[in-house]
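Remarks on the structure that follows.
In the text below, chain A, chain B and the rest are named by the order of the sequence lines, each starting its count at 1.
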Number of protein chains: 4
Amino acid sequence: MINVGVLGATGAVGQRFVQLLAGHPWFNLTTLTASERSAGKKYKDVVNWRLDVPFPEETGELVVRPTTVESVKGLDIVFSALPANIAGEIEIAIADAGVGVCSNASSHRMDPDVPLVIPEVNHDHLGLIDVQRDAGRDGFIVANPNCSTIVLCMSLEPMRSLGFSDVKVATMQAISGAGFEGIAAMSIYENVVPFIGSEEEKMEREPLKIMGSFDGAEVIPASFTVSASCHRVPVIDGHTMAIWMESAASVEEAVRAFSTYKAPFSGLPHQPAHSVLYLDSENRPQPRLDRNRGDGMTVSVGRVREGLRYITMGHNTIRGAAGASVLNAELIASKKYL
Amino acid sequence: MINVGVLGATGAVGQRFVQLLAGHPWFNLTTLTASERSAGKKYKDVVNWRLDVPFPEETGELVVRPTTVESVKGLDIVFSALPANIAGEIEIAIADAGVGVCSNASSHRMDPDVPLVIPEVNHDHLGLIDVQRDAGRDGFIVANPNCSTIVLCMSLEPMRSLGFSDVKVATMQAISGAGFEGIAAMSIYENVVPFIGSEEEKMEREPLKIMGSFDGAEVIPASFTVSASCHRVPVIDGHTMAIWMESAASVEEAVRAFSTYKAPFSGLPHQPAHSVLYLDSENRPQPRLDRNRGDGMTVSVGRVREGLRYITMGHNTIRGAAGASVLNAELIASKKYL
Amino acid sequence: MINVGVLGATGAVGQRFVQLLAGHPWFNLTTLTASERSAGKKYKDVVNWRLDVPFPEETGELVVRPTTVESVKGLDIVFSALPANIAGEIEIAIADAGVGVCSNASSHRMDPDVPLVIPEVNHDHLGLIDVQRDAGRDGFIVANPNCSTIVLCMSLEPMRSLGFSDVKVATMQAISGAGFEGIAAMSIYENVVPFIGSEEEKMEREPLKIMGSFDGAEVIPASFTVSASCHRVPVIDGHTMAIWMESAASVEEAVRAFSTYKAPFSGLPHQPAHSVLYLDSENRPQPRLDRNRGDGMTVSVGRVREGLRYITMGHNTIRGAAGASVLNAELIASKKYL
Amino acid sequence: MINVGVLGATGAVGQRFVQLLAGHPWFNLTTLTASERSAGKKYKDVVNWRLDVPFPEETGELVVRPTTVESVKGLDIVFSALPANIAGEIEIAIADAGVGVCSNASSHRMDPDVPLVIPEVNHDHLGLIDVQRDAGRDGFIVANPNCSTIVLCMSLEPMRSLGFSDVKVATMQAISGAGFEGIAAMSIYENVVPFIGSEEEKMEREPLKIMGSFDGAEVIPASFTVSASCHRVPVIDGHTMAIWMESAASVEEAVRAFSTYKAPFSGLPHQPAHSVLYLDSENRPQPRLDRNRGDGMTVSVGRVREGLRYITMGHNTIRGAAGASVLNAELIASKKYL
């Protein structure tokens with residue numbers, strides 16, 4: 001078994017990590033960290049469990065530690081659900097101390113030597129781990145992209161061989177993306193908020209790195225562009241997106257690409273049967289009905305039309321956050337980077 | 001006073017017509033029609049008033065008539081809130097019988113001799129009334145566009161002099177657009193439905209006629225294109241849209257165009273102080289907070305960004321339906337077409 | 001294996017039956033019925049699957065039959081998700097033809113010889129099956145109560161030995177209780193509707209039969225009274241209730257009764273670990289967070305206060321409908337009534 | 001004109017005060033206070049206006065002052081929208097400095113010499129102002145009750161002459177009652193929270209004072225009891241309540257009492273045509289459809305049934321908060337207490 005921990009285990013993404021790691025077939029969850037205030041107490045006594053899945057009772061008995069290098073030294077991997085303003089320094093210190101960091105934080109996503117990975121899209125970028133090690137780091141940092149970026153890129157991957165450019169994407173994002181306390185009910189109920197701080201910038205920047213090519217030393221960014229318009233809607237989980245792209249592909253070719261898409265690897269515990277699933281109905285995907293496909297790890301696509309236009313949707317706190325990091329770690333473990 | 005009636009007065013749009021016409025300074029609401037089942041009864045006894053504004057008690061005393069030519073003969077104007085499958089024939093018969101028809105139905109919107117009018121955008125298209133009369137019609141049919149088309153075109157109008165083409169629009173539309181019973185709660189609550197029947201087609205077709213040029217005999221369609229992706233979101237009233245366009249205009253020029261826009265006429269009772277209002281805040285417009293600006297007749301614009309991208313939002317059953325028809329009728333009355 | 005079918009398999013409760021029966025360890029789901037329009041087609045081609053759990057692919061291959069006696073003859077048990085206006089006659093005919101009917105319909109709930117059963121509360125009432133058989137019926141009809149009644153009575157059961165009378169209950173009921181198309185979004189979104197047709201009557205009548213005593217021949221109704229006020233709130237699944245009762249029990253005694261409650265039997269496949277679960281937090285139970293406890297079969301109780309007052313909540317379409325019937329059937333099978 | 005100010009003018013209730021006082025026929029709004037951070041700036045530059053009614057532009061020009069005695073000295077009345085932890089001391093200091101304080105805060109509601117007033121219910125309690133003045137206070141403090149208490153007591157008032165006791169009330173309360181930022185969307189969306197801090201205590205304590213009798217020196221509490229169960233539901237504005245009471249009155253007598261109820265005074269600017277309005281429909285009142293009756297000042301009642309049971313609903317931030325204080329001030333002004 002591989003010993004793992006979660007940094008920032010009490011928040012919305014932290015709880016998702018705990019949900020996905022409790023009972024994991026490869027990973028042994030031994031360590032949870034949180035703020036000083038919670039340190040020294042049992043997880044069950046400090047967490048306000050707000051997921052609609054059962055609380056993992058055995059994990060509840062773990063004693064929470066402060067978020068320090070000492071707390072996680074000796075672990076094989078830590079999953080970081082830290083806020084960006086804290087994650088920056090501590091993730092580096094932990095990686096330098098010999099621990100692998102699979103991070104959901106945005107702090108190091110654009111660092112040249114940090115792979116920004118979606119397993120189905122750019123698993124070869126993990127080669128940057130060797131670059132980190134050559135530079136003297138004992139552990140590593142591997143980042144997963146922003147939630148919206150992940151859903152977008154998963155839907156772009158089947159189109160890669162058909163060719164595309166000039167992507168425009170309008171998002172309808174779920175409130176869970178802002179954390180349990182991030183959005184007041186008076187702000188979003190019976191409403192749309194057409195702005196999410198830094199989200200458009202992330203969606204326009206991250207895909208070029210993710211879908212860029214790794215030459216063994218660095219990532220050459222992809223050459224398409226993304227123009228994003230990001231909106232919050234009253235949905236609990238599941239980011240829905242309307243996408244346009246320039247492409248020589250016909251509707252039929254695109255539907256075939258989505259329908260026949262297969263991930264380039266198999267056998268990882270959190271890998272769904274369909275990483276991308278094409279839904280034929282005229283009014284799908286829908287977040288409430290489709291977000292739990294593949295236990296939240298499947299990205300659904302539908303309504304390919306001339307334009308070239310389509311709809312995509314994925315679970316933002318599973319596929320788009322905690323599940324993304326866990327799948328990255330499973331890929332890393334399968335590739336013997338530990 | 002100008003005597004007016006409402007065809008289909010008990011539905012969602014019909015009730016909005018009654019709300020806007022009760023106590024109107026120019027129009028005297030004398031006639032309400034509904035299905036045979038309701039005919040002969042007082043309006044207050046057949047309508048299930050479901051708006052959140054007070055029921056106009058005096059109008060409630062009107063005896064509902066069947067939706068026939070006889071019921072409205074002699075009126076100056078009737079407002080049609082009929083469903084499209086009924087509106088087609090009866091609107092022609094009523095217009096031929098000498099009554100002006102201001103219709104919210106889609107049936108005749110694309111008829112070559114029917115003006116498809118948004119007063120601020122193409123009031124000159126009312127010249128088609130003369131074309132109708134030259135062809136022997138005593139009354140007239142004037143249509144207003146689909147609710148989403150209206151909000152879109154209102155936001156395009158200030159950009160007209162700056163020039164634009166290749167419009168892409170992703171809508172987040174309110175549930176009231178489907179009528180009181182149109183969408184089940186189980187379908188849309190905590191959900192997004194990325195499909196609205198025929199909506200994308202209307203949004204791609206109608207703007208070209210509306211923003212086309214009238215040469216005295218016919219309308220030459222505008223040459224830009226619209227590519228729409230339409231989505232229903234859990235909002236009661238107010239359609240929000242993310243728009244991209246090709247334009248040589250800078251962000252500053254576009255903001256100035258929206259901020260300084262003035263309607264080409266003034267003095268109509270339902271004309272708001274600002275037909276288009278530019279909102280400076282980073283997260284506006286929002287449907288719940290901004291839809292009632294100008295008593296529901298103002299279309300708000302915000303977040304102009306490079307791309308060229310912006311957000312627009314308008315009240316779909318007031319500016320986008322009943323209010324649109326009433327403003328058309330006010331314009332017609334002011335131009336002495338009656 | 002026991003061969004079973006579902007009557008009315010395409011609606012909201014019908015789909016829940018299919019979800020619970022697909023892969024059932026004791027029951028072999030062989031037959032699905034629906035309206036004539038769907039008969040002869042594969043289930044997957046006629047059902048509009050609208051649950052947020054995966055569609056059971058193998059069941060989708062079953063060919064739907066019309067809802068007739070012939071369609072289900074020879075089965076051991078059929079589960080009825082029929083509307084009350086259809087269920088009345090056909091359920092009798094099917095039971096007379098030798099098939100056991102576990103019905104969620106209200107038609108026969110108050111029939112003197114039909115047991116109205118919640119396994120944890122009155123499993124002994126199944127003795128009425130013998131009364132039915134003595135009267136010449138080859139099969140049987142066993143009804144489960146109305147969804148709200150079930151949640152209420154589950155919470156009353158632990159209080160039975162402490163004694164209570166004069167129950168007052170205010171419900172906050174989920175929209176799924178009205179079926180997929182039962183409530184328009186414009187009716188319930190951002191709203192409360194303080195009326196549900198026939199619901200208060202059912203909640204005041206059914207508990208007296210359920211908690212009555214069976215003397216081997218008939219059920220003597222319980223002597224407490226229920227006064228209900230029923231309200232619909234914008235929640236997808238999960239009925240929440242505020243309950244007052246006259247009781248000599250102290251708060252501590254009631255909390256102990258709820259906390260230590262154990263079902264009078266064990267080992268049924270759909271029986272949860274806790275049929276009634278007492279939650280200590282000051283603000284629980286909550287439908288979105290607690291409805292899936294025990295896979296939707298656990299009824300949660302919280303906030304016992306002087307008065308005697310408490311809150312209870314349960315999943316209305318699982319514990320309160322399809323799951324209730326399935327648990328009844330499991331109890332019947334375990335008692336060798338087949 | 002009477003010069004007035006608002007303490008705590010930027011919050012949810014503070015904004016409602018500004019809405020109701022802008023353009024008031026008797027009151028001249030000259031002073032707005034807020035935290036030190038906002039002091040010295042124009043109101044329009046510090047307020048994040050989040051009501052769905054237009055921002056009163058002229059009031060926006062007022063320069064915000066710190067919440068101190070000096071800021072409001074010389075005013076006739078100040079309206080307090082302060083949080084309870086701040087209101088306690090400063091309201092006394094302001095009243096002692098000769099200013100009348102109409103407070104929505106809970107701090108002094110139960111003080112023996114502070115009238116807790118709902119004009120239609122206990123306007124005679126204003127006599128306690130004389131008691132305050134006899135004790136040396138130059139100004140006065142008049143409190144309005146908690147939002148839920150007001151709606152409850154308004155509905156109890158027409159029943160007073162018929163007699164009642166043993167009130168049980170289950171509330172379904174709107175999220176605006178907790179302020180703009182008070183409740184996270186992740187907490188209440190698609191959910192019910194069966195707990196509101198201190199709310200049940202307020203509802204059980206305040207009505208006895210309000211409906212008590214004033215003997216010229218003090219208020220003798222009423223002798224009925226209230227047992228409350230308070231719940232938050234996903235509604236923006238409007239508290240709905242299910243009420244039971246012991247009463248010898250028949251359903252018909254109660255309906256007549258509600259239907260014929262008339263306020264004991266008239267002519268105040270914010271007094272609605274119907275302080276209590278009985279709605280005949282089987283499914284009313286509903287918050288979204290009925291909360292704006294009487295510009296938010298009418299409390300609606302419906303569904304009187306045996307039990308004695310009924311439903312009541314009122315706008316919590318207008319009738320239940322800012323409007324309550326303003327109506328109190330209008331009553332005070334009409335009685336020449338200034």
Exercise. Measure the spacing between CG of C:D237 and CG of A:D52 and express it to the nearest 0.5 Å.
Key: 11.0 Å
With a sphere of 6.0 Å drawn around [atom1] of [X], does it hold more than 12 non-hydrogen atoms of other residues, nucleotides or ligands?
X	atom1	answer
A:N283	CG	yes
C:H24	NE2	yes
A:D295	CG	no

Quiz item: Using non-hydrogen atoms only, which part of A:P287 is less than 4.5 Å away from chain C: side chain, backbone, both, or neither?
Solution: neither
Quiz item: Non-hydrogen atoms of chain C under 4.5 Å away: do they reach the side chain of A:I236, the backbone, both or neither?
Solution: side chain
Quiz prompt | Pick from C:R293, C:E190, C:Q286 with the largest number of heavy-atom pairs that fall under 4.5 Å of chain A | solution = C:E190
